[in-house]
Amino acid sequence: MPELPEITVIANQMNKTLKGKRIAKSEVFQPRILNVPVAEFVKNVMGKTVESVTSKGKWLFVKLKPAFFLLINLGMGAELLYLTPKLKAPEKVQFRLTFSDKSRVAIHFWWFGYVHLVAEKDLPSHKMTATLGIEPTSGEFTFHNFRDILRSRKTTVKTSLLEQKNIAGIGNVYVQDILFRARLHPNRKLQTLSESEIKALYSVIKTVLNKSIELGGLAYELDFYGRKGKFDQDKFLVGYKTGKPCPECGAKIEKIKTGSTSSYICPKCQV
Ligand SMILES: [Zn+2]
């Protein structure tokens with residue numbers, strides 16, 4: 001499942017590649033991904049030009065000129081690919097855009113996702129994106145803001161990090177090593193965190209996510225050009241390493257249930 005690093009990488013690549021391209025054709029093979037009827041979608045995107053592509057949390061914001069946004073969420077995972085003669089399209093795609101220069105963008109959702117068309121003036125009322133919290137790679141993510149968020153919640157540390165309305169972009173993959181590096185058990189109650197523990201957590205969130213962005217994201221996800229990221233199994237410290245020794249103390253890494261998600265922890269280091 002793509003999280004902030006993968007989406008950031010794709011957004012940067014899309015921005016570089018698509019800026020200035022004019023949409024000549026749009027094809028929707030799975031109408032459920034849209035928020036409007038297919039005919040309305042097709043009519044409204046036709047002839048519009050890509051102005052920029054940015055991201056927030058797990059959402060891509062494709063700004064169209066004039067005055068619309070395509071909001072894309074890849075759900076549990078997807079190939080969102082730039083199609084050139086060199087790069088073959090996936091066999092099954094749910095969505096495809098063709099630009100006036102004949103280049104294309106196609107999306108194959110593994111499970112389900114969204115391509116929403118929203119007029120610029122209606123962006124603040126698009127609930128799924130308007131309720132997103134602070135992005136940990138943005139300037140808004142200051143220690144004070146982060147501490148205020150944690151101090152205002154009464155849940156566990158892991159649950160609060162995964163809630164997209166608090167902090168946008170962390171999912172069940174990166175949260176594992178974030179909690180390990182901060183030496184926190186996923187079930188620690190927020191009220192029990194000391195100021196220095198919150199500081200450590202704040203700093204490792206940025207370290208882990210930025211490191212993955214630098215490496216092009218996870219190795220099992222494709223970028224916009226169909227290349228795999230370089231953040232592979234070896235880069236994880238405890239995530240997905242059940243039974244392996246903890247890199248700090250050598251204790252066996254355990255897989256435990258935490259609410260509806262699984263967690264990988266070192267039972268000695270994370271308290
Ligand atoms: Zn350990």
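Indexing begins at 1, ligand by ligand and atom by atom, following the structure's order. These numbers were taken from a predicted model, which means no experiment stands behind them.
Here the side chains of Leu222 and Leu80 are not in contact, with every heavy-atom distance at 4.5 Å or above. In this structure, Phe146 and Ile205 have side chains that are in contact, with non-hydrogen atoms separated by less than 4.5 Å.
Salt-bridge check for Lys199 with Glu197: failed, with every basic side-chain N at 4.0 Å or more from each acidic carboxylate O.
Within the structure, ring-ring contact (aromatic ring centres under 6.0 Å, His included) pairs that include any residue of residues 240-271 comprise Phe236-Tyr240, Tyr240-Tyr264 (at least two apart or interchain).
Here the protein contributes Cys246 SG, Cys249 SG, Cys266 SG, Cys269 SG as N, O or S atoms under 2.8 Å from the Zn ion (ligand 1).
When all heavy atoms are compared, the tightest approach of Pro136 to Leu4 is CD-CD1, 3.6 Å.
When only modelled atom types and interatomic distance are considered, Ser263 and Lys158 share a side-chain donor-acceptor pair under 3.5 Å.
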